[in-house]
Amino acid sequence: MSRTGLTERIREEAARLLADGTVDVVIGFEQGSLPLRATPCFARDAADAGRLVWNAFCGNNLSRYIRRFDKRVGIVVKGCDTRSIVELIKENQVQRDNLVIIGVPCDGMVDEGILQGLCKGREILSVEEGDGVLVVTDAGRTMRIPRDECLHQGCRVCTQRNPVIHDILAGEPVQEQPGDTYRDVAGFAAAPPDARWARITGEMDRCIRCYACRDACPLCYCANCFVDATMPQWVGKSVGGSDTLSFHLMRSLHLAGRCVECGACERACPMGVDIRTLHRKVSSDVAGLFGYKPGMSLSEPAPLSRFEPDDPEDFMTGGSPCAE
Amino acid sequence: MMNPYMPFPMRVEKSIAETDDGSIRTLSLSFVRKADSEGFSFRAGQFAELSLLGTGEAPFGIASSPVDPGLLDFTVSRIGLVTSELHNLDTGDRVGMRGPLGNGYPLEELFGRNVLVVGGGFGFSTLRAFTGYALHPGNRGLFGDLTVVYGARNPGLLLYRQDLLEWAGRDDIDLHVTVDSPDAEWTGRTGVVPAVVRELCIEAGRTTALVCGPPAMIRYTLPVLTELGLPPEMVFLSLEMKMKCGLGKCGRCNIGEAYVCTDGPVFSTARLSALPGDY
Amino acid sequence: MRGVNEMSAVRLGKGDVAGFLEGLLADWTVVAPVMHDGIVSFRAITSGTEADLDYSNSAQSPKGVVLPQVETLLSCPCSSPEGEDVVEHTPEPGRVVLFGVRPCDARGIGFLDRVFGEGANGDNYYASRRESLLVVSLGCSHPLATCFCTTTGGGPFSTEGSDLIMAEHGDEYIVFAVTENGATFLSRHGLSKAAESAVQAVLSAAETSVAEMQPRVGLSILKGSLDGSFDAAAWNTLTEKCVGCGVCTYVCPTCHCFDIVDEVSGGSRVRNRIWDSCQFPCFTRQASGFDPRPTYRERYRQRFMHKFSFCTDRYGTPGCVGCGRCVTECPVNLDIRRIMAFFSEKRGEE
Amino acid sequence: MNAQAPGGMENRSVEWEPRIIAFLCNWCSYAGADLAGVGRLQYPSNVRIIRVPCSGRISPFFILSAFQKGADGVIVSGCHPGDCHYISGNYSARRKFALLKGLLDHIGIEEGRLHFTWISASEGGRFADVMGSVTETVRALGPVRQMVGPGVRT
């Protein structure tokens with residue numbers, strides 16, 4: 001189904017759900033104020049529903065918002081977003097019955113940073129989506145760029161482009177990509193420790209502690225985040241040193257077995273900090289050690305709420321007790 | 001240029017538990033350096049930041065009267081890191097103090113008028129400072145009738161008991177102490193502060209009210225004062241807001257364009273009604 | 001270009017910028033736009049070639065030059081009693097030139113001067129950094145679509161907050177002195193006088209550029225509307241997409257709210273001032289747990305009204321210079337210009 | 001200045017000794033340490049013990065905080081699998097520790113800084129051995145330089 005087709009379909013479904021009172025609000029996207037932006041839209045009537053769109057820039061994970069509503073909510077979501085909804089339901093943060101999930105099979109979202117890089121600092125004036133291409137006009141010229149070359153890193157290794165759960169499927173299911181082999185994780189690990197450390201601390205030096213990563217994340221919903229705790233104070237609030245790294249390490253561990261790799265944190269970061277390297281390592285270990293992939297099933301228990309007697313422990317000092 | 005973030009070194013002269021549960025203590029401080037104490041003056045209703053370098057700073061109303069020589073009192077409820085550390089201080093220990101900050105009660109506007117002091121719970125500290133000031137022999141004649149209504153949730157949470165006993169024995173102050181829930185030994189008044197205020201006989205045209213207490217007390221007391229005929233220009237509230245710098249810069253205590261730390265903490269309700277309800 | 005000295009304008013060839021900065025490095029700390037990992041930021045450069053003036057604007061404003069994200073106010077050895085051996089970390093930055101900032105950011109520093117510089121409560125930390133700072137701005141020949149400086153009282157060639165302002169003219173910059181300090185600086189660096197024709201050309205180009213950026217809303221109309229809109233129901237829907245992060249405040253050239261936090265480190269007890277954000281959950285939460293601004297709605301309203309109403313009352317100027325960073329960087333595209341337009345139009349309807 | 005050392009001390013170099021934080025579960029490993037003490041088994045004085053109810057109580061935050069506050073090494077020890085006083089605290093802990101250890105190794109933190117092990121109440125000898133070997137590993141690495149201290153830019 002074409003993009004316009006999807007947009008029309010989403011508008012129709014949203015208008016219907018609002019008109020017949022099934023939901024009070026439909027959370028979707030509308031055209032943003034900038035060419036490369038779709039922006040969250042809270043549609044409450046048919047006129048609002050008419051503003052909904054679907055395009056290559058619907059990157060935000062809208063499940064971020066559903067905890068705010070205690071009534072029936074319609075929500076327009078991609079495959080990754082449904083995975084975070086699954087986790088939210090499992091963690092008793094939302095009621096499945098309160099949600100009407102309008103799932104949209106996704107062929108990846110476009111990383112505006114990549115387009116901006118191609119335009120070398122010239123301001124992008126407009127972007128149009130054609131069949132597999134983006135027609136980008138900047139202050140100097142118009143370029144046709146293959147869509148697949150502009151996708152977010154996360155979208156390139158995504159293995160769940162189709163919704164895991166949905167009530168309404170807008171559009172035909174898309175072909176899933178091959179399984180994630182975490183090649184990026186292995187690639188990073190191949191570098192010597194000092195080089196890895198230099199790379200990570202270099203990234204952390206750019207962090208300004210604005211917490212956009214946390215606040216954009218659908219699963220970072222703690223009412224009192226550990227960074228704000230004072231008794232005890234887990235991390236200081238300074239920037240540029242181990243406090244910043246500690247914040248990101250603790251956050252990635254707090255998301256262990258829960259992070260669905262939607263990329264919301266990375267997209268939200270104004271400084272382009274590579275938070276991904278941390279989360280990908282944790283995800284690959286959760287998958288490799290415990291065989292768990294977050295957000296895929298409503299029944300499978302969270303990996304850190306359970307264990308196996310023979311869980312791997314080769315990371316431990318002094319071997320296993322059985323050896324003695 | 002002076003460094004406005006530099007605290008004065010102070011010595012803890014005594015630390016007494018105010019409440020039965022020990023959750024609130026009053027620290028009495030003296031200046032370590034004589035020169036600091038000579039240059040220091042304040043008015044009732046002002047506050048200061050108590051500082052433990054390495055732990056933090058927190059703002060407290062100055063609870064002692066400006067006419068009491070020597071010691072500055074601060075009443076501290078144990079809530080977080082700084083207040084816990086303050087509770088742990090003993091006589092002889094050091095603490096930093098940065099102040100006075102804020103505007104204080106508008107003494108000039110009170111001269112010659114009857115004053116109604118309404119305080120609740122922990123909010124009584126700067127009102128105690130004012131009452132002490134007004135009762136001072138040199139000042140008592142500056143004011144007309146002095147009525148004090150003070151309430152706490154229960155008798156165990158009443159502050160400044162020594163003062164209350166002393167004031168109760170005087171005939172130049174009309175004192176009403178009340179608790180929301182009495183215990184077995186309580187023989188005083190039971191009831192919430194607004195209810196006590198409602199029963200007062202006051203001369204509305206000659207009275208100015210000073211109010212400080214928890215949000216709920218304030219919410220229900222203000223309409224009663226209006227009923228009693230006090231105009232909004234004659235009701236002064238001391239507000240609680242989270243503050244850090246105390247200098248009108250750090251940006252968190254504003255109510256509209258007014259900064260509670262520098263333009264307040266004392267505002268007339270007339271002024272407040274012209275500001276957004278962001279408090 | 002208001003207040004510039006046309007007669008003493010000099011020229012600096014684009015190709016000569018690196019050499020000029022290199023020469024400055026002997027006596028000055030030069031803070032200039034630097035491209036690093038695809039992101040432009042203001043940094044102290046170590047070589048003239050690092051500076052990259054061919055940029056639209058930096059990701060973060062350069063306000064850190066006068067208000068660092070973290071700065072130590074006081075410290076003392078752990079072993080000293082409270083109040084003794086306290087070291088005041090008054091900055092001694094030496095001479096610093098902030099080179100090539102956009103006029104909006106220079107105005108941002110002008111705004112911060114009103115917050116930190118004036119009155120009895122002057123801030124000695126800010127003042128020390130500010131007094132040693134020379135601001136050389138770079139007029140905007142090509143403002144971006146996200147820019148709205150003229151709406152907030154500035155413009156692509158505004159001189160407020162600048163000591164010197166540069167304007168592009170072909171392969172050279174024409175440099176004008178705005179302040180006495182700026183003029184003194186120019187007189188010491190032996191740059192050749194600009195051709196009269198070039199001076200006139202950039203002045204008229206600047207005028208054209210200003211004229212092309214029509215203000216989007218009237219500031220006084222906006223303020224008038226906001227003054228009666230604190231409790232407007234519209235805030236609910238206007239702010240609904242806000243996720244409550246601090247991006248807008250941390251990239252902003254005028255946001256200046258800070259926190260004071262203590263820590264113990266390396267045998268010292270330390271008191272730091274750090275940036276804080278009115279968007280954060282703990283910003284106004286009181287010790288009792290009560291929070292007058294409990295959700296993103298009140299917090300966003302605070303930021304917006306602070307900028308366009310409260311600052312105007314308090315400092316006589318809005319707390320926004322229209323740099324457009326919060327428009328570009330907001331993770332959910334909550335565009336401040338749309339909120340401005342909403343309240344301006346609301347007033348129009350009344 | 002009050003902070004000054006006694007006369008003549010200032011110029012003496014003090015040999016660096018690693019500081020190692022040991023988080024020990026109350027029921028097994030702490031009792032193991034106790035047994036080592038009772039049995040007069042020597043183990044390095046570099047180890048500072050923090051007793052916790054169970055290895056399951058230990059949050060990765062504790063460990064990161066220890067490094068931030070200047071620990072040169074951290075060792076965490078609980079009951080052997082199957083022996084947990086609370087049935088399964090150590091099993092749950094093991095999953096958390098695996099992720100933490102993996103993540104810290106991944107970002108290039110020196111491998112010998114952080115150790116996990118199981119020591120029972122009867123293993124006084126093993127306790128002393130493990131503390132000795134961990135101390136030597138950390139000593140060989142030298143003072144901690146990663147993850148330590150707050151990040152004030154001066």
Side-chain angles (χ1 to χ4, degrees), chain A residues 25 27 30-42 44 48 57 59-60 62 64-65 68 113 116-117 121-125 139 202-203 206 208-217 223-225 227-228 230 233 236-241 243 264-265 267-274, chain C residues 35-41 52 54-56 59-60 64 68-70 72 142-146 236-237 240-251 259 261-263 265 270 272 274-277 279-282 285 295-296 324-338:
Chain A
V25 60
I27 312 173
E30 65 181 309
Q31 177 56 47
S33 66
L34 304 173
L36 304 179
R37 284 297 187 81
T39 185
C41 173
F42 296 79
R44 291 192 163 80
D48 290 347
F57 301 101
N60 293 112
L62 300 180
R64 161 69 181 76
Y65 295 109
R68 286 184 186 169
Q116 253 143 14
R122 290 184 303 269
E123 188 173 27
I124 295 173
L125 302 175
E203 291 295 321
R206 278 213 304 284
I208 57 173
R209 300 289 291 267
C210 68
Y211 305 121
C213 45
R214 172 191 76 182
D215 293 316
C217 176
N224 290 300
C225 178
V227 288
D228 293 324
T230 54
Q233 183 182 37
K237 299 203 166 186
S238 307
V239 286
D243 283 328
C265 49
R267 284 193 271 269
C269 180
M271 304 306 290
V273 178
D274 172 17
Chain C
M35 171 73 105
H36 198 79
D37 290 340
I39 286 183
V40 177
S41 54
D52 180 4
D54 188 19
Y55 77 118
S56 53
Q60 263 195 301
Q69 183 159 8
V70 180
T72 299
H142 307 287
L144 301 176
T146 48
N236 287 328
T237 45
E240 197 163 22
K241 66 177 96 161
C242 179
V243 295
C245 71
V247 168
C248 49
T249 56
Y250 278 15
V251 297
D259 197 355
V261 295
D262 288 30
E263 59 197 19
S265 146
V270 183
N272 293 323
I274 63 171
W275 291 357
D276 203 349
S277 169
Q279 305 302 297
F280 289 161
C282 290
R285 190 188 296 155
T295 73
Y296 57 90
R325 285 188 180 86
C326 60
V327 176
T328 316
E329 300 299 340
C330 176
V332 291
N333 188 223
L334 175 45
D335 190 330
I336 196 168
R337 299 170 305 170
R338 289 195 168 173

Flag for C:R338-C:N333: side-chain donor and acceptor within less than 3.5 Å
no
Can a cation-pi geometry be assigned to C:R325 and C:Y250, taking NZ or CZ under 6.0 Å from the six-membered ring centre and within 45° of the ring axis?
no
Could you go through A:Y211 and A:V227, starting from their C-alpha distance and side-chain angles, then the distance that decides it, and tell me whether this counts as side chain to side chain contact (heavy atoms under 4.5 Å, CB included)?
CA-CA 10 Å; A:Y211 305 121; A:V227 288; 4.1 Å; yes
Shorter than 4.5 Å, heavy atoms on both sides: which option in C:L144, C:D54, C:V261 has the most such pairs with chain A?
C:L144
Output the option from C:A145, C:S277, C:C282 having the highest count of non-hydrogen pairs under 4.5 Å with chain A.
C:A145
Of the backbone (N, CA, C, O) and the side chain (C-beta and beyond), which part of C:C326 lies under 4.5 Å from a heavy atom of chain A, both, or neither?
neither
Taking C:N272 for the side chain and C:I274 for the main chain, is one N or O donor matched with an acceptor at less than 3.5 Å?
no
Do C:T328 and A:R37 have side-chain heavy atoms sitting under 4.5 Å apart?
no
Report the option among A:R122, A:Q116, A:R64, A:Q233 that has the most heavy-atom pairs separated by less than 4.5 Å from atoms of chain C.
A:R64
Could you check whether any side-chain N or O of C:Q69 sits under 3.5 Å from a backbone N or O of A:I208, counting only pairs where one atom can act as donor and the other as acceptor?
yes
What residue, out of A:A38, A:A212, A:G113, A:P35, has the most heavy-atom pairs lying under 4.5 Å from chain C?
A:A212
Check each atom of C:T146 against the heavy atoms of chain A and say whether the ones under 4.5 Å are side chain, backbone, both or neither.
both
Non-hydrogen atoms of chain A under 4.5 Å away: do they reach the side chain of C:Y55, the backbone, both or neither?
neither
Go through the steps for A:R209 and C:D276 under the test salt bridge (Lys or Arg N to Asp or Glu O under 4.0 Å), then give the verdict.
CA-CA 10 Å; A:R209 300 289 291 267; C:D276 203 349; over 6 Å; no
If one checks every heavy atom of A:Y65 against chain C at 4.5 Å, the contacting part turns out to be side chain
Where on C:V40 is there a heavy atom nearer than 4.5 Å to chain A: the side chain, the backbone, both, or neither?
neither
A side-chain contact here means heavy atoms from C-beta on lying under 4.5 Å apart; do C:V247 and C:C330 qualify?
no
Among C:Q60, C:K241, C:M35, the residue with the most heavy-atom pairs under 4.5 Å to chain A is C:K241
Top contributor to chain C interface from A:R44, A:R267, A:R214 [non-hydrogen pairs under 4.5 Å]:
A:R44
